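Everything below concerns the one structure shown next.
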Amino acid sequence: MPAKKEGFNRVLDGLKKRQLQHDFKLERAAETYEPIQNIGSGAFGIVCEAVETSSDYKVAIKKVAHASATPTLARRTLREIRVLRYIDHPNIVTLRDIFRTQGPLGIDVFLVMDLMQNNLHHIIYGNEEPLDEYYINQFLGQLLRGLEYLHVASIAHRDLKPSNLLVNQDGTLRIADFGMAKFTDNSSKKHDDEEHCYYMTQHVATLPYRAPELLFVLPEHSTAVDMWAVGCIFGEMVTRNELLPGRSVPGQIKMLLTMLGHPPQHVIDEIRCDRTRKVIQDYRSKADAEWDDIMYCKARGDNQIVRGHCDTIDFVKQLFQYDATKRISIQEALKHPYIQRVVEPMDAQKKCPFRVKRDMMQVEDLSHQDLVKLMMQDVRSAENTYNEMRSGVCFLPLTHTNQFLFTTDYNNWIAGDFQRERKYEIENAKYERAPQTNGFNGEQQLGHVSGYKWRIPSYCAA
Ligand SMILES: Nc1ncnc2c1ncn2[C@@H]1O[C@H](COP(=O)(O)OP(=O)(O)OP(=O)(O)O)[C@@H](O)[C@H]1O
């Protein structure tokens, strides 16, 4: 490499390091985590790769800067904490820890997650060739599985897009970024207006995935908004292009009308915004979407996924229903002949814990002050959890036989949940009295223990 270029790269590396140190001043948590490099940023957070120094375990830390400064930021942060803290699902990102620091404009909140290697946006566009059909179906199946878990609990993600779908080298897909997630049975006018403003102005990046009910300002938003986004993401995986690439709200509306035709009259009648209604009524567009053409990918040649496959076209059509009540639901999608044909059958999955639903219900309708109070409480409770684990205040019975205990040196005990592979949930457990187990041996599993009391983070306690 020429010396000049080398020198320039060194300067750039130095700058990046300084930026990282500036963005991720972790204060007390610097004892636990060491930031390595910046890996992503969005409208609300910056994310770095870090290492948990005690275990060398790689994590991702998302910083929401001055999370308490505005109601939108506080609500987003609270939602993300509340959706993720009790959820344990193979297709939803795992939250490991939460902490906060005092920033110049209020508190900065840090969410520590399992590190994922990539996101679907990079996977789609990182290669000249379009994604193999096998992977498209694998990703689609996992996305639907994660959504089923959320939608059954009436939680809508509302910001699905390829960059929010994280992917590991082994092909595991996990849904991330729950700042827009909402319990959908509990819509509030006040809050909808605030959010509408946000949707219409700031969050232009998500326009291509935005369902008509958000775009046209229809009164009801339900989990159906995510199904529309599933259609957009599926189409993007197939065609290697955004299916509905609008760059402004009016542009996006016209894009829908051009590609998909006019919405039915009863949908137009429900539009709250006069200007939007007029734009739609005055716009001349073709009658019906030509799905064969929309889902066509030149690079695939004759090997088209959609062309001529009646069940695929039917699946896509059902995802792109203007009327949210007619759009295919997650349960119907999982039973659809296309999905049955291409996605391996899966066992029934366990339900999202009720407390997630309850916690999410609480988030809506709160004033800025209350949002900040709850957010502080939630962050603090997680911080306390870790302090409790260290100081030994919180005791809960360990009763399930799938939980186990092992030690590295007979002083440092670790308990975990074998079935769910979540060791950290009940990390650093200390026993109250010696357990009657099958004997133990260094780092090996001790066998089943039950009926003993272990220190478990209060937010994971059953
Ligand atoms: N656990 C993780 N592992 C690896 N990368 C991650 C992880 N979480 C987030 N990222 C990366 O960081 C980026 C920004 O994260 P995220 O989407 O949560 O931020 P945001 O500000 O809420 O974004 P948005 O603008 O979409 O609302 C993501 O697109 C993703 O690529």
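Treat the numbers as computed from the prediction; the structure is a model and nothing was measured. These values consider heavy atoms only, across backbone and side chains, with no hydrogens, waters or symmetry-generated copies. Atoms within a ligand are numbered from 1 in the order they appear, just like the ligands themselves.
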Between [X] and [Y], does any side-chain N to carboxylate O distance fall below 4.0 Å?
X    : Y    : answer
R100 : D108 : no
D177 : K161 : no
R85  : D359 : yes

Any N/O pair [X]/ligand 1 closer than 3.5 Å:
X    : value
E80  : no
M116 : yes
A43  : yes
S41  : no

Region of [X] engaging ligand 1 - heavy atom pairs below 4.0 Å:
X    : answer
I46  : neither
R76  : side chain
Q117 : neither
L166 : side chain

Worksheet item: Quick one: does N118 get within less than 4.0 Å of ligand 1, heavy atoms only?
Response: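 N118: no contact with ligand 1 (<4.0 Å).
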
Under 4.0 Å from a heavy atom of [X]: give me the atoms of ligand 1 that qualify, with their elements.
X    : result
N164 : 17 (O), 26 (O)
A60  : 1 (N), 2 (C), 3 (N)
I39  : 4 (C), 5 (N)
F44  : 21 (O)
G45  : 20 (P), 21 (O)
K62  : 16 (P), 18 (O), 19 (O), 20 (P), 22 (O)
M113 : 1 (N), 8 (N)

Worksheet item: How far does NZ of K373 sit from CG of L366, to the nearest 0.5 angstrom?
Response: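 It comes to 9.5 Å.
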
Worksheet entry | Given Y338, F139, F320, the one that forms ring-ring contact (aromatic ring centres under 6.0 Å, His included) with F234 |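 Of all the options given, the one that passes is Y338.
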
Fill in: Closest to atom 28 (C) of ligand 1 (judged by heavy-atom distance), picking from G42, G40, C48, S163
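The option holding the nearest heavy atom is S163.
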
Worksheet item: Within 45° of the axis and under 6.0 Å from the centre of the six-membered ring of F44, does NZ or CZ of R76 qualify?
Response: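 Yes - R76 lies over the ring of F44, closer than 6.0 Å to its centre and within 45° of its axis.
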
Item to complete: Report the residues that fulfil salt bridge (Lys or Arg N to Asp or Glu O under 4.0 Å) with R145, sequence neighbours left out, ordered by chain and then residue number.
Response: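 Testing R145 for salt bridge (Lys or Arg N to Asp or Glu O under 4.0 Å), a comparison that skips the adjacent residues, returns E148.
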
Worksheet item: Under the 3.5 angstrom rule, does the side chain of E49 hit a backbone N or O of Q37 as a donor-acceptor pair?
Response: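 No, E49 side chain to Q37 backbone: no donor-acceptor pair under 3.5 Å.
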
Worksheet item: For L166, which of T172, V93, L115, L120 qualifies under side-chain contact (heavy atoms from CB on, under 4.5 Å)?
Response: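 So the option named by the test is V93.
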
Discussion item. Which label fits W228 and Y322: parallel for a plane angle under 30°, tilted from 30 to 60°, or perpendicular past 60°?
Written reply: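 Judged by the thresholds at 30° and 60°, the geometry between W228 and Y322 is tilted.
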
Discussion item. Under the rule for ring-ring contact (aromatic ring centres under 6.0 Å, His included), what residues qualify as partners of F24, not counting sequence neighbours?
Written reply: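 None.
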
